[in-house]
Amino acid sequence: MGALSTKEKTLWYIGALLIVLYALVPVAWIISLSLKSEADLSNRSFLPTNVTWENYEGIFSGTASDLFLPALRNSVITCLLATLIAVVLSMFAAYAIARLNFPGKRLILTSALAVAVFPVITMVTPLFNLWRQIGLYDTIPGLIIPYLALTLPISIWTMSAFFREIPWDMEQAAQVDGATSWQAFRKVIVPLAAPGVFTTAIIAFFIAWNDFVFGISLTSTSDAQPVPAALSSFTGSSYFVQPTGAISAAAVIVTIPVVLLALVFQRRIVAGLTNGAVKG
Amino acid sequence: MTAVTTPQVELANSPRDKRRRGTDRSRQEARLGWYLAGPAFFILVLVTGYPIVQAVYDSLFSYRLTAPGDREFIGLENYGVILTDSLWWEALANTALITLVTVAVELVLGFALAMVMHKVLGFLRPILRTAILVPYAIITVVSAYAWQYAFSITTGFMNAVVPGVPEDFDWFANKWTALTVICLSEIWKTTPFISLLLLAGLAQVPEDMHEAAKVDGATARERLFRVTLPNMKASIMVALLFRALDAFRIFDNVYIMTNGAAGTQTVSSLAYNQTISRLEIGLGSAVSVLLFICVLLICFLAIKVFRVDLARARGEN
């Protein structure tokens, strides 16, 4: 990258600072809202005049907890299961795509691509109708099934990109050196494949966690409603009070896990996101 | 690459298999391939294929959930109703506008972010990567609330910050200002994805081409337009297509901020309102099918006219 002059360097550092501000100011704003007291919420300034935890108390033990806690449980269960199923299924699919030569390989990748850009709302009308008839409406399995349409394509894609880079010959090399095929698989292939599988799971989880369309259309009560849908049905403590504080606090809570994941695994997530899409 | 070479190496090493080369062996491989990839493929097709077929079928009926007994085959009448309704055209225009504006802004902004990340070295890189992943990973609904509250007349601080805006200005009462805030939230949340794709593209531009252009006396601007951008064409096109298709199905931001009020309905929110709020399965299905056709058209245009080669961009050659 050649030598950059001091002036150039300073410019890029300013750019870097702007990026951090860009990413964090809206997050700081929602955190600030969640720490405002009810009187403060409409003071229309960025920061609270005095910090209070009452909004968090509201969603964990107060009026909004009946809505928020079950929604949090539903979201966690639904997203984890949808991710797990997708990752297991795509592990096999990605192995086949990366290692075997078979007709239909392109068809599978193209279908995954097509489903990834599929307008999800198109699925809502038929599923809403069918789920009501067969009793899957407002149930967790009734959400997991459509979630697979979100998590499977990205998993197949990301994982086959990861698997393609694994030096599979090493498995044979290990066998030549006297390892059994199980040892070769366990000691050589699993450690090489694990990061790809893990990263894929994180990305699939992000996408399931983000869903709003299915959550708002296919559930109606705290039996299955996930957090994003529950947020939009929060109500204030009385008819005239806006639920701004409760929504902000709940928003912060559901943002914590994704930010932590992003923080710890940033390098891998970036590799996973770009690996599948851009390869010359 | 290994996918293609490994089996051949095996074949060459085992003379016994030489005779059956290309027949039994490849048939076996094909069968194994489908055993492994089949379940994922089958579920993929089932969870999306069934709904679209059912939606096409339902769209041919006059069918309200409030009166299921009156279900009646009416052919393409639902489509006639929709296509002659100004609501549909307004929703389509809004969706197209949001797509154009957000994708254009995101491409320029995303490129700027990618350039900074590409140039900044050392300890700052992981910090930037983490920062940029925050909007990417945040729930769209959360982003929608953050931006809505920032501009709202009861809670927002934006009127005090944006120059020339009166203190009591209601952004969500007017179609264009409401769409602006919707676009801002969408742009904030999705630019990081584009910039990461572009960053990967930037990393593939050969450094010696830059040096050569520099030696030949090209200015920074010339190097950007003559060397960097042409070499990134493939990744730019892929990023563009993905984001355009994603933006075209915009729903979350619209639902949270205006729920289609003030003339901000989009195609997805129109389909939702017909089905879930009004229980008009027939009309809702027809809107969904029309949306699906729009997405197909965008794909077709991208692949045929702009020659986006997704397979090549994926390294699938």
Side-chain angles (χ1 to χ4, degrees), chain A residues 12 15-16 19-20 23 26 29-30 33 41-42 44-46 89-90 92-93 95-96 98-103 108 111 115 117-119 121-123 125-129 148-149 152 156 168 206 210 212-213 217 228 231 244 247 251 255 258-259 262-263 266 269-270 273-274 277-280, chain B residues 2-3 6 29-30 33 36-37 39-41 43-44 47-48 51-52 54-55 113 116 119-120 124 126 128-135 137-142 145-146 149-150 154-155 157 196-197 200-201 204 235 238 245 249 251-252 268 271-272 275-276 281 284-285 288 291-292 295 315:
Chain A
W12 291 122
I19 291 184
V20 174
W29 162 239
I30 201 98
L33 268 179
L41 276 169
S42 48
R44 308 191 64 183
S45 71
F46 191 86
L89 285 171
S90 352
F92 294 115
Y95 177 86
R99 278 209 82 184
L100 305 174
N101 219 352
F102 61 102
I108 293 171
S111 311
V115 174
V117 298
F118 192 81
I121 203 91
T122 305
M123 296 171 61
T125 312
L127 287 183
F128 174 71
N129 201 11
L148 289 177
L152 255 181
I156 293 179
W168 295 98
F206 279 172
N210 186 49
F212 180 62
V213 174
S217 318
L231 282 184
T244 312
I247 290 178
T255 303
V258 290
V259 168
L263 203 69
Q266 32 95 8
I269 296 170
V270 169
L273 284 176
T274 51
V278 198
K279 263 284 142 76
Chain B
T2 28
T6 320
E29 201 173 320
L36 291 172
F41 179 69
I43 290 183
L44 207 58
V47 291
T48 43
I52 187 71
Q54 183 70 38
L113 297 192
V116 173
K119 293 279 182 185
V120 166
L124 271 174
L128 285 189
R129 233 177 354 219
T130 311
I132 209 137
L133 277 176
V134 169
I138 245 172
I139 297 179
T140 313
V141 170
V142 170
Y145 276 120
Y149 290 150
T154 54
T155 55
F157 63 92
L196 289 175
L197 289 187
Q204 288 179 351
S235 42
V238 171
L245 292 169
R249 53 186 178 184
F251 176 79
D252 307 10
S268 283
Y272 173 86
T275 304
I276 311 293
I281 301 290
S285 298
S288 300
L291 170 61
F292 182 62
V295 166

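Protein chains get the first letters and strands the later ones, always in sequence-line order, with residue 1 at the start of each.
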Legend entry - Most chain A-contacting option - heavy-atom pairs closer than 4.5 Å, from B/D252, B/L196, B/V134, B/I281: B/D252
Legend entry - 4.5 Å side-chain heavy-atom contact, A/I269 and B/L133: yes
Legend entry - Heavy-atom side-chain proximity of A/N101 to B/E29 below 4.5 angstrom: yes
Legend entry - A/W12 and B/L124: CA distance, side-chain angles, deciding distance, side-chain contact (heavy atoms from CB on, under 4.5 Å) verdict: CA-CA 11 Å; A/W12 291 122; B/L124 271 174; over 6 Å; no
Legend entry - side-chain contact (heavy atoms from CB on, under 4.5 Å) between B/I276 and A/T125, intermediate numbers included: CA-CA 8 Å; B/I276 311 293; A/T125 312; over 6 Å; no
Legend entry - Point-to-point distance, once rounded to the nearest 0.5 Å, from OH of B/Y145 to CD1 of A/I247: 4.0 Å
Inset, instruction - Report the distance from atom CD of B/Q54 to atom OG1 of A/T122, rounding to the nearest 0.5 Å. - result: 13.5 Å
Inset, instruction - Tell me, out of B/V120, B/I43, B/I132, B/T140, who's got the most heavy-atom pairs with chain A below 4.5 Å. - result: B/T140
Legend entry - Closest non-hydrogen atom pair between A/R44 and B/T154, with its separation: CG-O, 3.6 Å
Legend entry - A/I108 portion near chain B, given a 4.5 angstrom heavy-atom threshold: both
Inset, instruction - Measure distances from A/I30 to the heavy atoms of chain B and classify the residue's part below 4.5 Å as side chain, backbone, both or neither. - result: side chain
Legend entry - Engaged part of A/S45 at the chain B interface, taking heavy atoms whose separation is under 4.5 Å: backbone
Inset, instruction - Considering non-hydrogen atoms only, spot the tightest contact between A/W29 and B/A146 and give its length. - result: NE1-O, 2.9 Å
Legend entry - For the student: nearest non-hydrogen atoms of A/I156 and B/A40, plus distance: CD1-CB, 4.1 Å
Inset, instruction - Write down the atom of B/A37, the atom of A/F102, and the distance for their closest heavy-atom approach. - result: CB-CZ, 4.2 Å
Legend entry - Minimum heavy-atom distance A/A149-B/T48, with the two atoms named: CB-CG2, 4.0 Å
Legend entry - Pairwise side-chain contact, A/I121 with B/R249, heavy-atom cut-off 4.5 Å (strictly under): no
Legend entry - Distance, nearest 0.5 Å, that separates CZ of B/F41 from OG of A/S111: 4.0 Å
Inset, instruction - Assess whether atom CZ of B/F157 is packed by more than 12 heavy atoms of other residues, nucleotides or ligands within 6.0 Å. - result: yes
Legend entry - Winner by heavy-atom pair count (cut-off under 4.5 Å) against chain B, out of A/L41, A/L127, A/N129, A/L89: A/N129
Inset, instruction - With rounding to the nearest 0.5 Å, note down the distance linking CG in A/L152 to CG in B/L44. - result: 5.5 Å
Inset, instruction - Please round to the nearest 0.5 Å and tell me the distance separating atom CG of B/L197 and atom CG of A/L273. - result: 7.5 Å
Inset, instruction - Just say parallel, tilted or perpendicular for the rings of B/F251 and A/F212, cut-offs at 30° and 60°. - result: tilted
Legend entry - Interface residue of largest heavy-atom contact number with chain B, from A/A96, A/P103, A/A16, A/P26, under 4.5 Å: A/P26
Legend entry - Any side-chain heavy-atom pair of B/L245 and A/F118 under 4.5 Å: no
Legend entry - Under 4.5 Å from any heavy atom of chain A - which part of B/V47: both
Legend entry - Engaged part of A/Y95 at the chain B interface, taking heavy atoms whose separation is under 4.5 Å: side chain
Inset, instruction - Check side chain to side chain donor-acceptor pair (under 3.5 Å) between A/T244 and all other residues, then give those that pass, not counting sequence neighbours. - result: none
Inset, instruction - Supply the atom-to-atom distance B/I138 CD1 to A/T255 OG1, rounded to the nearest 0.5 angstrom. - result: 4.5 Å
Inset, instruction - Heavy atoms only: give me the nearest B/A200-A/T274 pair and the separation to one decimal. - result: CB-CB, 3.7 Å
Legend entry - Interface moiety of A/F206 toward chain B, non-hydrogen atoms closer than 4.5 Å: side chain
Inset, instruction - Among the options B/V141, B/V116, B/I52, pick out the one with the most heavy-atom pairs lying under 4.5 Å from chain A. - result: B/V116
Legend entry - Heavy-atom contact with chain B under 4.5 Å, split by part of A/V259: side chain
Legend entry - Those residues that, when tested against A/S42, pass side chain to side chain donor-acceptor pair (under 3.5 Å) (two or more places apart): none
